[in-house]
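Working notes for the structure below.
All figures in this text were calculated on a predicted structure; none of them were measured in a lab.
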Amino acid sequence: MIPPWGMALAALTVMLWLLWSDSIRRTRTPAVLYAVRAALFLVVSGVLILNLVRYPQSFDRGATAIAIAAAVVGIFGAGYFFRRLTTRRT
């Protein structure tokens, strides 16, 4: 079983990697991928916040900090991908 801080750290790592890889990409990604990424980032952030509220006894200080950081990055990342979805690059 993966501890709560492990899941939050894994989510944070994947989200940061997706943001980084999209920021260095020169070609335009299809709009549907931006929509899927934004939705996934929001879902993961919601699950992390729900777990923090529903099972606070499972999170110590470090795990809480990592989970909050991952949720903030997820919300920021969803906004980033939504903005990329709605704007056109020439």
Side-chain angles (χ1 to χ4, degrees):
M1 182 104 133
I2 298 176
W5 62 268
M7 289 299 286
L9 188 61
L12 184 62
T13 303
V14 170
M15 288 189 288
L16 288 174
W17 180 79
L18 284 171
L19 288 168
W20 171 77
S21 66
D22 189 71
S23 68
I24 63 169
R25 183 174 293 124
R26 289 184 178 260
T27 59
R28 178 89 171 144
T29 303
V32 69
L33 286 180
Y34 285 137
V36 167
R37 287 178 183 172
L40 285 175
F41 273 43
L42 287 176
V43 167
V44 168
S45 296
V47 167
L48 287 171
I49 292 169
L50 181 68
N51 283 340
L52 278 170
V53 171
R54 190 177 283 180
Y55 308 110
Q57 70 278 4
S58 298
F59 291 85
D60 60 353
R61 279 190 185 161
T64 301
I66 293 172
I68 290 171
V72 168
V73 168
I75 293 168
F76 168 77
Y80 172 80
F81 286 124
F82 182 72
R83 191 184 76 218
R84 299 284 295 232
L85 175 67
T86 58
T87 59
R88 290 184 178 230
R89 286 192 286 177
T90 56

Co-membership, hydrophobic cluster, residues [X] and [Y], 4.5 Å side-chain:
X	Y	value
Leu18	Met15	yes
Tyr34	Trp20	yes
Trp17	Leu12	yes

- [ ] Apply side-chain contact (heavy atoms from CB on, under 4.5 Å) to the pair Phe41 and Leu19, showing each step before the final yes or no.
- [x] CA-CA 11 Å; Phe41 273 43; Leu19 288 168; 4.1 Å; yes
Could you list the residues that satisfy side chain to side chain contact (heavy atoms under 4.5 Å, CB included) with [X], not counting sequence neighbours?
X	value
Leu50	Arg54
Phe82	Leu85, Thr86
Pro56	none

For residues 67-75, which side-chain donor-acceptor pairs fall under 3.5 Å, sequence neighbours excluded?
none

Can you list every pair that meets salt bridge (Lys or Arg N to Asp or Glu O under 4.0 Å) and has a residue in [range], with sequence neighbours left out?
range	value
residues 64-80	none
residues 62-81	none
residues 31-50	Asp22-Arg37

Please list, one pair per line, the donor and acceptor atoms closer than 3.5 Å that link side chains of residues 1-11 to other protein atoms, with sequence neighbours excluded.
none

Task: Pairs where residues 58-80 contributes a residue and the test ring-ring contact (aromatic ring centres under 6.0 Å, His included) is met, not counting sequence neighbours - done: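 Listed once each, the pairs would be none.
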TODO: Please report the closest heavy-atom contact between Thr87 and Arg83, naming both atoms and the distance.
DONE: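 Residues Thr87 and Arg83, closest heavy atoms: OG1-O, 2.9 Å.
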TODO: Give, for atom CG of Leu40 and atom CG of Leu33, the distance between the pair rounded to the nearest 0.5 Å.
DONE: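 If I round to the nearest 0.5 Å, the distance is 10.5 Å.
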